[in-house]
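A short write-up of the structure that comes next.
What you are looking at is a predicted structure, and each value in this text was computed from that prediction instead of being measured.
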Amino acid sequence: MKSTVLIICFLFLKLQVIAQEIKQVDEDDKVYSFVQRTAEPRNGMMNFLQNFSNEFNSLVIPPKQDEISFKLKFIVEKNGSFSNVEIIDNQEAYPYYEEIIRVLKKTSFWKPAENNNKIVRSYHVIPIKLRFPMRNVDKVLLEKAILERTISNEYFDFECNCKLINKSTNGYYKVKEFSYNTPHSDIFYSISLKEIDLNDLNHYFDVIKIDANKKNAAIKEVTYKGFKALETEFVINNKENSYYNYTLSYAANNYLIKINVISTNKQVSKYNFEDLKQTFRLKI
């Protein structure tokens, strides 16, 4: 009987230790919204914002307006670095996401937040206003930036800060495929053109719908530039990342055209997909 009691006590104490260890791990990983001492730039917020503005290259994407305002939400880690960077309150800032990340990587680490005399991870939101003095922009540089964004071949053109990484032709299936990625390889584009008989369009759309159902994709019928079209949205998950896929399929001039954008950031993928739809132009 005594040995049974001892075993029970031992198990109870062991469970307490495990619970304390789990609690400690949870507290170490917790991200605080409210803290006793907030995270801050080492040289002050005004200096941080000034350096951010000075380093930011607006010609990465040609500015369409004189200024843009948005908010950055991010986590300041215990070592003062940034993670989980998000743009909020202004979707017009999404095309600048890559440039924002580049600038933040060059920024000095912040002083991390403290709570109960411990250094902790914390959320932080800062307003950003960038001014683009377009009247003073060198016209040659601006035109060069616009030109470098234009992807063009004999079949189509569109605007994108990306480069061709692969193209192929399958004569048997009468398919031409083109793949592109951005300089940092964080956004991928693919465009395919398949020669079809437009009388069989419903068959091809049915195949797309069946494939979408297999991937648990969201799918909807839309009108794109006057043509019947299908939009699909789905996520591919692996151990390291989630990949957000947006695809538009439509038929024109005896071709079934598919345009697709993939990124590990949902808002970036969605925004660039909308931009691709807007700027894509079929030339055949």
Side-chain angles (χ1 to χ4, degrees), residues 61-62 64 91-92 94-95 146-182 185-237 242-284:
I61 294 178
K64 298 178 181 179
Q91 65 177 8
E92 292 182 358
Y94 290 168
I146 294 171
L147 180 63
E148 288 177 346
R149 265 181 55 86
T150 302
I151 303 299
S152 182
N153 58 38
E154 61 183 299
Y155 303 105
F156 56 80
D157 56 37
F158 65 98
E159 291 184 16
C160 172
N161 182 29
C162 55
K163 63 180 180 180
L164 179 69
I165 56 174
N166 186 53
K167 66 177 180 179
S168 62
T169 299
N170 187 313
Y172 181 80
Y173 290 105
K174 298 180 179 180
V175 177
K176 298 176 178 64
E177 296 182 316
F178 303 82
S179 301
Y180 305 84
N181 69 359
T182 54
S185 300
D186 52 358
I187 307 173
F188 292 86
Y189 299 77
S190 65
I191 296 171
S192 69
L193 300 94
K194 178 179 176 62
E195 294 180 50
I196 64 169
D197 182 344
L198 291 181
N199 293 322
D200 294 332
L201 180 59
N202 288 335
H203 163 72
Y204 289 105
F205 273 26
D206 287 342
V207 170
I208 293 171
K209 291 177 181 178
I210 291 171
D211 184 59
N213 288 331
K214 289 179 179 178
K215 296 174 180 176
N216 294 320
I219 186 167
K220 61 181 179 181
E221 293 189 6
V222 297
T223 300
Y224 176 69
K225 298 185 177 181
F227 297 101
K228 178 182 177 181
L230 292 175
E231 276 192 19
T232 59
E233 173 188 347
F234 64 95
V235 183
I236 297 176
N237 297 302
S242 295
Y243 295 90
Y244 297 91
N245 292 255
Y246 290 88
T247 304
L248 174 81
S249 305
Y250 77 103
N253 303 339
N254 293 318
Y255 281 93
L256 178 66
I257 302 103
K258 291 185 180 181
I259 60 177
N260 173 246
V261 175
I262 304 172
S263 174
T264 56
N265 184 297
K266 184 176 182 178
Q267 63 179 356
V268 170
S269 186
K270 177 65 173 175
Y271 188 92
N272 282 275
F273 177 62
E274 295 298 329
D275 186 60
L276 175 59
K277 287 194 300 179
Q278 182 177 351
T279 63
F280 184 81
R281 183 174 69 94
L282 194 65
K283 296 165 65 174
I284 53 177

With sequence neighbours left out, write down each residue that passes side-chain hydrogen bond (donor to acceptor under 3.5 Å, both in side chains) with Asp211, or none if nothing qualifies. Lys215

Which pair of heavy atoms, one from [X] and one from [Y], lies closest together, and at what distance?
X	Y	result
Val268	Asn265	N-OD1, 3.0 Å
Ile257	Tyr255	CD1-O, 3.5 Å
Tyr244	Thr264	CE1-O, 3.5 Å
Ala251	Phe227	O-CD2, 3.3 Å
Arg281	Asp157	NH2-OD2, 2.7 Å
Glu221	Lys228	OE1-CE, 4.1 Å

Can a donor-acceptor pair be found, under 3.5 Å and without considering hydrogens, that links the side chain of [X] to the backbone of [Y]?
X	Y	value
Ser263	Asp186	yes
Tyr224	Lys277	yes
Lys174	Ile196	no
Asn253	Ile284	yes
Asn153	Tyr155	yes
Asp200	His203	no
Asn170	Lys176	no
Thr232	Ala217	no

Give a yes or no on whether Lys214 atom NZ has more than 12 heavy-atom contacts from other residues, nucleotides or ligands under 6.0 Å away. no

For Lys167, is the NZ atom crowded, meaning more than 12 foreign heavy atoms sit under 6.0 Å from it?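 Open: at most 12 neighbouring heavy atoms sit under 6.0 Å from NZ of Lys167.
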
Donor + acceptor pair across side chains of [X], [Y] (<3.5 Å):
X	Y	answer
Tyr189	Asn272	yes
Asn260	Ser190	yes
Ser242	Lys266	no

Just verifying a value: how many Å separate Leu230 CG and Tyr250 OH, rounded to the nearest 0.5 Å? 13.5 Å

To the nearest 0.5 Å, how far apart are CD in Glu177 and OG in Ser168? 4.5 Å

Look at the rings of Tyr180 and Phe156 and say which category their plane angle falls in: under 30° parallel, 30 to 60° tilted, over 60° perpendicular.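 The rings of Tyr180 and Phe156 stand perpendicular, inter-plane angle above 60°.
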
Lys220 bridged to Glu233 by N-O distance under 4.0 Å: no

Go through the steps to decide whether Asp275 and Phe158 satisfy the test side chain to side chain contact (heavy atoms under 4.5 Å, CB included), and finish with yes or no. CA-CA 9 Å; Asp275 186 60; Phe158 65 98; over 6 Å; no

